[in-house]
Asker: 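Here it is: the structure, laid out below.
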Protein chains: 2
Amino acid sequence: MEPKTYTHDEIIAMLREHGINPTAQRVEIARELFSRKGHYSAEDVFALVNNDQTQVSKATVYNTLGLFAEKRLIRQLIVDPTKVFYDPNMVPHHHFYDVVTGKLTDIDANDVRITGLPALPPGAQMEGVDVIIRMRQANPTAG
Amino acid sequence: MEPKTYTHDEIIAMLREHGINPTAQRVEIARELFSRKGHYSAEDVFALVNNDQTQVSKATVYNTLGLFAEKRLIRQLIVDPTKVFYDPNMVPHHHFYDVVTGKLTDIDANDVRITGLPALPPGAQMEGVDVIIRMRQANPTAG
DNA sequence: CTCCTAACTTATAATCGGTCTAAATCTATG
DNA sequence: CATAGATTTAGACCGATTATAAGTTAGGAG
Ligand SMILES: [Mn+2]
Ligand SMILES: [Mn+2]
Ligand SMILES: [Zn+2]
Ligand SMILES: [Zn+2]
């Protein structure tokens, strides 16, 4: 299932709906992200965005990804100890994480039920629930 | 519930049971970790271990925490984008994570049921399931 | 014991994501 | 056109972690 292709104007509308001023760089970064599914580091996005003619600075890539996450246009994944990943898929879902390759795979959250969690501490607002299933590919005929 | 106090020999036995050669530094680090409950960065452990007479280098603290985690004597927590935390509590449990303060709180996993997860990819071994509930303390009278 | 080697520890340099700074550029408005 | 606020940028900087290379330790062989 390839992700929907968004027009320039649709991207701009998405940004506006999330309270983000649609500058050229932000539109370009959003377009790259939403034209694919997957999980991307800031460096990944920097490479994607500068593959073609456009030129966006590293600082802007970092700033923009942080802004998008804060405005909940994309989701931040803390799962690799060395870098943050960003996920354009905002449908609630969980992840498999291959601890060897670092690869992330989506798990639809519709079928998943989590019960028995305690109440939040008083005055606390839930931000989200992350479920990460760490796994390792069984050593293929090593011995 | 304060954690059990371990004797020097008990610490050594714990390390041996996990296939870890009990050097002076490793015993000291293990003692500091297991004499409290909580979630500690490598810097935290470095400070704990060098509070008293003993002197353990930063490199050894990092190496030892990595070794302990690999041998499953402690658990690594990837939840803060800037640093790794280590958890001496090996009883299966989950975590609240205050995204503002960075504070981690344990959630007993006994009561928690997670159903509807898909099967692992073929050939994959499960390493563990991490559930992290991100929350934020409601803005106390700000405005 | 003393010698020898492998395991371990250490100080320090290096790496690398990520953030900060201060200057340049843009954009909307008068 | 002039102005100010928002944004972008190059490059300096930072802090956690890892790599390097030299020193130390422990324990078995002789
Ligand atoms: Mn592009
Ligand atoms: Mn100590
Ligand atoms: Zn995902
Ligand atoms: Zn814990």
Side-chain angles (χ1 to χ4, degrees), chain A residues 8 11-12 15-16 18-32 39-50 53-71 73-87 99-100 102 104, chain B residues 8 11-12 15-16 18-32 39-50 53-71 73-87 99-100 102 104:
Chain A
H8 190 255
I11 296 278
I12 289 179
L15 296 186
R16 289 226 166 91
H18 287 261
I20 298 163
N21 187 14
T23 66
Q25 291 85 345
R26 288 168 183 174
V27 170
E28 178 63 21
I29 290 170
R31 186 213 298 287
E32 290 294 343
H39 307 91
Y40 305 96
S41 69
E43 291 292 332
D44 292 339
V45 174
F46 180 74
L48 286 173
V49 126
N50 289 320
Q53 70 288 0
T54 51
Q55 197 61 28
V56 181
S57 74
K58 200 161 284 196
T60 296
V61 170
Y62 276 94
N63 289 341
T64 300
L65 291 172
L67 177 69
F68 284 4
E70 180 196 322
K71 300 294 192 180
L73 187 65
I74 62 178
R75 187 171 150 189
Q76 217 179 16
L77 297 180
I78 313 296
V79 62
D80 180 312
T82 71
K83 54 177 171 288
V84 172
F85 284 96
Y86 293 91
D87 191 342
V99 297
V100 176
L104 284 160
Chain B
H8 190 256
I11 295 280
I12 289 179
L15 296 186
R16 291 225 165 92
H18 287 260
I20 298 164
N21 186 16
T23 67
Q25 290 87 344
R26 288 169 182 174
V27 170
E28 178 63 20
I29 290 170
R31 187 213 298 288
E32 291 295 342
H39 307 91
Y40 305 98
S41 68
E43 289 293 331
D44 293 338
V45 173
F46 180 73
L48 286 173
V49 124
N50 289 321
Q53 68 289 358
T54 50
Q55 197 62 27
V56 181
S57 74
K58 198 160 285 195
T60 295
V61 170
Y62 276 94
N63 290 340
T64 299
L65 291 172
L67 177 68
F68 284 5
E70 180 195 320
K71 298 294 191 180
L73 187 65
I74 63 179
R75 189 172 149 187
Q76 218 178 12
L77 297 181
I78 313 299
V79 62
D80 179 312
T82 71
K83 54 177 174 284
V84 172
F85 284 96
Y86 293 91
D87 191 342
V99 297
V100 176
L104 284 161

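Throughout, a chain's letter reflects where its sequence line sits, starting with A, and its residues are numbered from 1.
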Asker: Given D:dT17, C:dT9, D:dT7, identify the nucleotide with an atom nearest to the side chain of B:Lys58.
Answerer: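 Selected nucleotide: D:dT17.
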Asker: Would you say A:Thr82 reaches D:dA16's phosphate, i.e. side-chain N/O to OP1/OP2 under 4.0 Å?
Answerer: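 So the side chain of A:Thr82 is outside the cut-off, no N or O lying under 4.0 Å from OP1 or OP2 of D:dA16.
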Asker: Can any side-chain N or O of A:Asp80 pair as donor or acceptor with the backbone N or O of A:Phe85 at less than 3.5 Å?
Answerer: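 No: the side chain of A:Asp80 does not pair with the backbone of A:Phe85.
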Asker: In whole Å, I'd like the distance from the CD1 atom of B:Ile78 to the P atom of D:dA16.
Answerer: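 From B:Ile78 CD1 to D:dA16 P: 15 Å.
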Asker: Taking it one step at a time, do A:Ile29 and A:Phe68 satisfy side chain to side chain contact (heavy atoms under 4.5 Å, CB included)?
Answerer: CA-CA 10 Å; A:Ile29 290 170; A:Phe68 284 4; 4.0 Å; yes
Asker: Distance-only, no hydrogens or angles: does the A:His18 side chain make a donor-acceptor pair with backbone N or O of A:Lys71 under 3.5 Å?
Answerer: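 Pair found, side chain donor or acceptor close to backbone of A:Lys71.
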Asker: Between B:Tyr40 and B:Asp44, which heavy-atom pair has the shortest distance, and what is it?
Answerer: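 Taking every non-hydrogen atom into account, CA-OD2, 3.5 Å.
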Asker: Roughly how many Å is it from OH in B:Tyr40 to P in D:dA16, rounded to a whole number?
Answerer: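 In whole Å, D:dA16 P and B:Tyr40 OH are 18 Å from each other.
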Asker: Find the distance B:Phe85:CZ to D:dA16:P and express it as a whole number of Å.
Answerer: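 B:Phe85 atom CZ is separated from D:dA16 atom P by 10 Å.
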Asker: Tell me: CG of B:Asn21 to P of D:dT25, nearest whole Å?
Answerer: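 Those two atoms, CG and P, are 15 Å apart.
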Asker: Measure from the side-chain heavy atoms of A:Lys83 and tell me the nearest of C:dG18, D:dA16, C:dT9.
Answerer: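 My answer, after comparing the listed nucleotides, is C:dG18.
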Asker: Of the nucleotides C:dC8, C:dG17, C:dT10, which one has an atom closest to the side chain of B:Ala59?
Answerer: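 Looking only at side-chain atoms, B:Ala59 lies closest to C:dT10.
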Asker: Side chain of B:Gln25, heavy atoms from C-beta onward: which of D:dT17, C:dT9, C:dG18 has the nearest atom to it?
Answerer: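 Within the option list, the nearest is C:dT9.
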Asker: Is there a side-chain polar atom (N or O) of B:Tyr62 under 4.0 Å from OP1 or OP2 of D:dT17?
Answerer: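 Yes, B:Tyr62 has a side-chain N/O under 4.0 Å of OP1/OP2 on D:dT17.
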Asker: Distance check needed: D:dA6 P versus A:Leu67 CG, whole Å only.
Answerer: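 Atom-to-atom, A:Leu67 to D:dA6, this comes out as 14 Å.
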Asker: Quick check for you: among D:dT7, C:dG17, D:dT17, whose closest atom lies nearest to any side-chain atom of A:Thr23?
Answerer: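 Nearest nucleotide to the side chain: D:dT7.
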Asker: Which nucleotide in the list C:dC8, D:dT9, D:dT7 gets nearest to the side chain of B:Arg26?
Answerer: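 Among C:dC8, D:dT9, D:dT7, the one nearest the side chain of B:Arg26 is C:dC8.
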Asker: With respect to the side chain of B:Val56, which nucleotide from C:dT10, C:dG17, D:dT8 is positioned closest?
Answerer: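 Of all the options, the side chain of B:Val56 is nearest to C:dT10.
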Asker: Rounding to a whole Å, what distance do you find between B:Gln55:CD and D:dT24:P?
Answerer: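 Answer to the nearest Å: 16 Å.
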Asker: Rounded to the Å, how far apart are B:Asn50 CG and C:dT10 P?
Answerer: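 Result: 9 Å.
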Asker: State whether B:Glu43 and B:Lys83 are salt-bridged, where the test is any N-O pair (Lys NZ or Arg NE/NH1/NH2 against Asp/Glu carboxylate O) under 4.0 Å.
Answerer: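 Looking at B:Lys83 together with B:Glu43, the answer is no, because their closest N to O distance does not fall below 4.0 Å.
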Asker: Can you figure out which of D:dT17, D:dT9, C:dA11 approaches the side chain of A:Asn63 most closely?
Answerer: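 Per side-chain heavy atoms of A:Asn63, the pick is D:dT9.
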Asker: Please work out if B:Thr60 contacts a base, only the sugar-phosphate, or nothing of the nucleic acid, heavy-atom cut-off 4.0 Å.
Answerer: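 Base contact.
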Asker: Can you check the B:Glu43 CD to D:dT18 P distance for me, whole Å?
Answerer: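 Spelled out: CD on B:Glu43 to P on D:dT18 is 12 Å.
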